[in-house]
Amino acid sequence: MNNLFLNISEKNKEKLLKKLNASTVKYPKGVNTLSNVNRKDYIGIINNGSLQINLVDYEGNVVILDELETNDILGSIIYPLTDEFVAITKEETTITFIDYEQVLNLEANSSEYFFNFIRNILELLGQQLNIKNERIKILTKRTTRDKLLEYFNIYSKKVGYKSFTLPFSYTDLANYISCDRSAMTREIKYLKEEGFIETDGKKIRLLY
């Protein structure tokens with residue numbers, strides 16, 4: 001399930017969004033979508049497009065925390081979105097923002113389609129929690145090699161093939177697995193020389 005409005009008709013979806021004080025914003029590529037919202041009291045639904053959740057430290061170093069796509073959600077129920085967090089659009093992206101307080105207002109929202117919506121939120125949060133657990137597995141590896149191999153294994157299982165195309169650039173991959181870009185490039189070279197992988201640009205083929 002990757003749709004907050006699963007089993008909700010278009011008519012009831014419109015009613016639901018009105019009850020939740022929803023507003024929709026279209027962003028161009030490369031914009032921080034958190035710059036104009038209350039970071040504590042909202043849920044954002046990505047209608048189309050994609051974005052990257054980044055943590056920027058006081059020295060300007062960037063760590064990629066998440067890659068979100070159409071039908072994913074973001075907001076205070078997922079991350080404590082303080083000023084160190086940014087959510088940068090990777091392409092033109094449309095997001096519907098809803099009032100978190102209204103989601104909790106069960107007395108005013110007692111319809112069946114509202115409870116379907118809550119059920120969908122919980123299921124989608126479970127999916128995103130699994131992704132975060134995968135990320136923890138990667139970050140707990142001690143070496144750059146182990147982080148790379150863990151990421152390759154996870155992504156290979158996700159797409160169902162030993163050959164796949166990385167979903168982002170090598171620079172972003174280094175940020176995602178939290179390692180130095182040049183050290184990661186060296187390790188990829190060693191993995192190729194030792195027969196663990198083959199590469200062609202962003203295409204990776206696992207040989208083990």
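None of the values given here were measured: they were computed from a predicted structure.
Within the 4.5 Å cutoff, side-chain heavy atoms of Ile45 are placed close to those of Phe5. When side chains are defined from C-beta on, Ile43 does not count as touching Phe97, because their heavy atoms never get closer than 4.5 Å. In this structure, Leu65 and Tyr176 have side chains that are not in contact, with every pair of non-hydrogen atoms separated by 4.5 Å or more. The shortest distance between side-chain heavy atoms of Ser169 and Asp172 falls below 4.5 Å. Using a 4.5 Å cut-off on side-chain heavy atoms (C-beta onward), Leu149 and Tyr208 make contact. By the 4.5 Å heavy-atom criterion applied to side chains, Phe117 and Ile98 are counted as neighbours.
Remark: Arg181 engages no residue in a salt bridge (charged side-chain N to carboxylate O under 4.0 Å, His left out) (not counting sequence neighbours). Applying the side-chain contact (heavy atoms from CB on, under 4.5 Å) criterion to Thr94, with sequence neighbours excluded, gives Thr24, Lys26, Asn47, Asn48. For Thr143, the side-chain hydrogen bond (donor to acceptor under 3.5 Å, both in side chains) partners two or more places apart in sequence, or in a different chain, are Asp146. When the side-chain contact (heavy atoms from CB on, under 4.5 Å) test is applied to Leu122, the partners found at least two apart in sequence or on another chain are Ile118. In this structure, Asn21 has no side-chain hydrogen bond (donor to acceptor under 3.5 Å, both in side chains) partners at least two apart in sequence or on a different chain. In this structure, Glu92 has no salt bridge (charged side-chain N to carboxylate O under 4.0 Å, His left out) partners at least two apart in sequence or on a different chain. Partners of Glu14 according to the salt bridge (charged side-chain N to carboxylate O under 4.0 Å, His left out) rule, which considers only residues two or more places apart in sequence or in another chain, do not exist here. Glu150 meets the salt bridge (charged side-chain N to carboxylate O under 4.0 Å, His left out) test with Lys137, Lys141; sequence neighbours excluded. Listed by chain and residue number, Gln52, Ile64, Lys90, Phe168 satisfy the side-chain contact (heavy atoms from CB on, under 4.5 Å) test with Glu67 (two or more places apart in sequence, or in another chain). For Lys11, the side-chain contact (heavy atoms from CB on, under 4.5 Å) criterion is met by Ser9, Lys15, not counting sequence neighbours. Residues passing the side-chain hydrogen bond (donor to acceptor under 3.5 Å, both in side chains) test with Thr140, sequence neighbours excluded: none.
Asp66 places no side-chain N or O within 3.5 Å of a backbone atom of Leu68 that could act as its donor or acceptor partner.
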Expected list for residues 197-207: side-chain donor-acceptor pairs under 3.5 angstrom, two or more places apart:
{"residue": "Glu198", "atom": "OE1", "partner": "Arg205", "partner atom": "NH1", "Å": "3.4"}
{"residue": "Thr199", "atom": "OG1", "partner": "Lys192", "partner atom": "NZ", "Å": "3.1"}

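Between the side chains of Glu91 and Ser50, a donor-acceptor pair is found at a separation under 3.5 Å.
Ion pair Arg145/Glu194 flagged as a salt bridge, since at least one NZ, NE, NH1 or NH2 atom sits closer than 4.0 Å to an Asp/Glu carboxylate oxygen.
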